[in-house]
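Take a look at the structure set out below.
It should be emphasised that the depicted structure is a prediction, and the values quoted were computed from it without experimental measurement. As the structure lists them, so they are numbered: ligands from 1, and atoms in each ligand from 1.
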Amino acid sequence: MLDYEVIVIGAGVAGIYQIKRLADLGVKAAVLELAGDLGGTWYWNRYPGARFDSESYTYGYSFSRELLDEWHWKERFSGQPENLRYLNHVADKFSLRKYMQFDSRVLAAHWDEDQRLWRLTVRDEKNGSTREMTCRFVIMTLGLLSQPTLPRLEGMDKFKGPSFHTYYWPQQPVELKGKKVAVIGTGATAIQVIAEIADKVGELTVFQRRPNWSCPLNNGEISQEEMADIRRRYDEIFAACARSPGGFEHEPDRRGFYEVSREERLKLWDKLYDSPGFGIWLANFREIFTDEVANAEFSEYVAERIRRRVKDPAVAEKLIPKDHGFGVQRVPLETRYYEAFNRPNVHLVDLGETPLTCVTETGLRTTARDYAFDIIVYATGFDAITGAFDHIDIRGVDGATLRDKWRDSCSSYLGMMVHGFPNFLMPAGPQSGSASTNYPRGIETGVNWSTDFLKDVRQRGVTRFEPTAAAERRWTDHVVGMYSMMLMRKAKGWFTGYNSNVPGHEEGKVRYFVYNGGAPKYVNIINKVAADGYADVVLDHPLAARDRQPHAAADQAAAAQAR
Ligand code: NAP
């Protein structure tokens with residue numbers, strides 16, 4: 001007897017919408033969430049300055065007109081407390097909490113071929129007890145950036161004061177006044193936190209290994225009148241997001257970079273630099289992403305803007321990336337980040353010159369000297385995209401682990417299914433359309449597709465589904481192929497699976513995590529798959545014919561059939 005027909009793992013933005021769709025279908029389902037409450041990214045990341053870099057009104061769910069009409073986004077790029085309130089409001093409005101089990105860490109998910117079900121081992125984080133749960137279908141909504149990573153430095157447990165990763169910023173306010181604070185890292189998170197706390201701490205020392213290209217967020221309040229106008233335009237706004245490659249309102253400038261004069265280019269860039277949000281990245285010339293010369297010219301433009309904002313030319317040069325061009329890594333957006341370095345209490349340490357050697361009882365040591373701190377903040381990023389999967393012992397057919405399958409890179413069918421792992425869905429998985437888009441727009445696409453698929457499967461009485469090995473290869477080749485056009489393939493960032501703190505993810509090996517074809521193309525492909533009756537997914541084949549064979553033999557048979 002199954003405990004649930006579907007178990008959803010993760011109660012973040014994706015899990016919340018997924019359970020809403022399942023509840024509407026009347027499926028017996030539960031959501032397991034490691035945290036003490038819902039919200040995912042917006043539950044955990046409570047560091048000062050945490051906020052959207054998507055326009056708030058494009059980040060909210062689009063599925064309910066009533067919800068759209070009643071919610072007032074107060075800022076163009078809303079902050080973490082408001083975002084968490086929003087997600088709680090959604091869960092309460094649609095009575096979704098009753099499906100959620102919090103403090104529930106999924107340790108293992110093992111496929112039982114005989115019974116055609118998943119067996120989950122779940123630990124109660126409050127009392128340490130474990131329980132087993134079974135379900136026919138499992139849906140992974142684990143989040144792309146939910147596995148924080150810390151440096152591998154000696155002495156990290158020796159530091160006497162508070163130290164934490166930004167993801168685990170304490171829920172209670174942290175007293176910063178007069179404190180000597182270290183921030184390690186200069187990614188999107190650090191850029192938000194540094195700018196926000198620079199005038200609230202005693203001394204702030206930023207430890208930078210490599211700078212990032214960053215441009216102004218240009219946030220602002222949304223008045224009642226503006227919000228009323230946004231509500232009237234919601235259909236138009238979501239249609240624009242659906243048309244754009246990134247799922248944002250920003251659409252690339254269709255003019256060729258070389259077709260317009262340098263003056264025209266500068267005019268566009270000046271406008272974009274002062275405009276809100278990702279326009280500077282996504283409403284720019286398309287060649288910025290693919291052409292080294294175009295990219296270098298624009299990078300130099302941004303470098304010049306940084307020089308204008310940072311008073312000390314030596315500090316400005318350190319804040320300008322020299323190892324990669326603009327936008328080939330995920331672009332952080334900032335609010336007076338560069339001006340923070342003009343403050344006398346803010347110091348920049350270049351780890352390229354003097355690397356960190358260890359953490360001491362009183363602070364940090366570099367090859368040059370010791371630094372004393374009251375608080376150390378690690379803004380050191382995430383084991384992105386596959387990290388959260390790797391932390392669960394996921395075993396599919398014949399006990400094969402997903403961790404092993406994805407050890408060198410990952411492979412998937414449409415970013416939503418994996419061969420060898422039947423009855424397993426990832427609406428926002430690696431290589432899906434959501435990893436590189438305005439996340440909720442991608443999530444709604446993935447959840448809708450997965451739910452429609454499950455609806456179909458249930459109607460047909462299917463108890464087992466699995467994409468073919470050949471289809472998975474085709475999709476993965478397609479994803480890999482698209483990297484060859486992108487300058488991004490050379491970048492050391494989470495889009496290519498680089499993380500110096502995760503063994504095996506250091507420099508050198510590109511991981512093909514992200515679908516680079518843009519949202520419209522992705523949606524067309526997955527909709528066609530559905531319209532064609534999911535031809536690449538093997539549905540409910542008889543136990544006698546296939547499931548009693550060793551899996552490798554079944555793979556060979558499927559591959560032969562595909563040829
Ligand atoms: P990140 O972009 O991976 O940045 C991590 C930073 O820590 C990098 O500067 C990295 O330096 C540094 N670092 C890592 N390990 C280190 C070590 N051992 N020693 C010294 N420095 C080390 O991570 P993130 O800033 O958390 O951002 C991740 C993603 O989260 C973003 O790209 C974005 O997608 C999302 N995010 C979004 C928002 C938003 O506005 N909505 C805000 C924050 C984050 P290297 O570059 O040299 O490795």
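Residue contacts with ligand 1, taken as heavy atom pairs separated by less than 4.0 Å, involve T380 via backbone and side-chain atoms alike. Contacts of N501 with ligand 1, taken as heavy-atom pairs under 4.0 Å, involve the side chain alone. With a 4.0 Å cut-off on non-hydrogen atoms, Q192 touches ligand 1 through its side chain and not its backbone. Only side-chain heavy atoms of F382 come within less than 4.0 Å of ligand 1; its backbone N, CA, C and O stay farther off.
A salt bridge does not link E353 to R209: none of the charged side-chain nitrogens sits closer than 4.0 Å to a carboxylate oxygen. Note on D270 versus R305: salt bridge recorded, some NZ/NE/NH1/NH2 to OD/OE distance being below 4.0 Å. Salt bridge E361/K158: absent, no basic N to carboxylate O contact under 4.0 Å. A salt bridge links R330 with D53; the closest basic N to acidic carboxylate O contact falls under 4.0 Å. The existence of a salt bridge linking R51 and E82 is excluded, since no basic side-chain nitrogen approaches an acidic carboxylate oxygen closer than 4.0 Å. In this structure, D370 pairs ionically with R365, as a charged nitrogen and a carboxylate oxygen lie closer than 4.0 Å.
Although no hydrogens or angles enter the test, the distance criterion places no donor-acceptor pair under 3.5 Å between the side chain of N83 and the main chain of W42. Under a 3.5 Å cut-off, the side chain of Y522 and the backbone N or O of L414 do form a donor-acceptor pair. Although no hydrogens or angles enter the test, the distance criterion places no donor-acceptor pair under 3.5 Å between the side chain of S54 and the main chain of N438.
Taking every non-hydrogen atom of R51 and a distance limit under 4.0 Å, the qualifying atoms of ligand 1 come out as 39 (C), 40 (O), 41 (N). Atom numbering of ligand 1 starts at 1 in the shown order; those under 4.0 Å from a heavy atom of P151 are 18 (N). Close contacts of ligand 1 with G185, meaning ligand atoms under 4.0 Å from a residue heavy atom, involve 6 (C), 7 (O), 9 (O), 12 (C). Taking every non-hydrogen atom of I184 and a distance limit under 4.0 Å, the qualifying atoms of ligand 1 come out as 20 (C), 21 (N).
Taking any N or O of R330, backbone or side chain, at least one lies under 3.5 Å from an N or O belonging to ligand 1. Not a single N or O atom of N212, backbone or side chain, sits closer than 3.5 Å to an N or O atom of ligand 1. Here's the thing with A188: one of its N/O atoms is less than 3.5 angstrom from an N/O atom of ligand 1.
Residue R152 places no heavy atom under 4.0 Å from ligand 1. By the 4.0 Å heavy-atom criterion, Y498 is counted among the residues contacting ligand 1. The shell of residues lying under 4.0 angstrom from ligand 1, judged by heavy atoms, includes Y47. Using a non-hydrogen distance threshold of 4.0 Å, L351 registers as a contact of ligand 1.
Nearest protein heavy-atom contact of atom 30 (O) of ligand 1 is L145 CD1, 3.3 Å. In this structure, the protein non-hydrogen atom closest to atom 47 (O) of ligand 1 is R209 NE, 2.9 Å. Nearest protein heavy-atom neighbour of atom 4 (O) of ligand 1: G187 CA, 3.5 Å. Of all protein heavy atoms, the one closest to atom 38 (C) of ligand 1 is D53 OD2, 4.0 Å. The protein non-hydrogen atom at the shortest distance from atom 3 (O) of ligand 1 is G381 CA, 3.8 Å. The closest protein non-hydrogen atom to atom 31 (C) of ligand 1 is W494 NE1, 3.5 Å. At the top of the distance list for atom 26 (O) of ligand 1, counting protein heavy atoms only, stands T189 OG1, 2.6 Å. In this structure, the protein non-hydrogen atom closest to atom 7 (O) of ligand 1 is A379 O, 3.2 Å.
The environment of NZ in K322 is crowded: more than 12 heavy-atom neighbours from other residues, nucleotides or ligands sit within 6.0 Å.
Side chains of Q329 and N212: a donor-acceptor N/O pair is present below 3.5 angstrom, by distance only. Using modelled atom types and a 3.5 Å distance limit, the side chains of S244 and E249 yield no donor-acceptor pair.
By the side-chain hydrogen bond (donor to acceptor under 3.5 Å, both in side chains) test, E297 is found to be paired with R262, R265, residues two or more places apart in sequence or in another chain being considered.
Of the listed residues (T186, L150, I191, N499), the one carrying the non-hydrogen atom nearest atom 9 (O) of ligand 1 is T186.
Ring geometry for W281 versus F289: interplanar angle of 30 to 60°, hence tilted.
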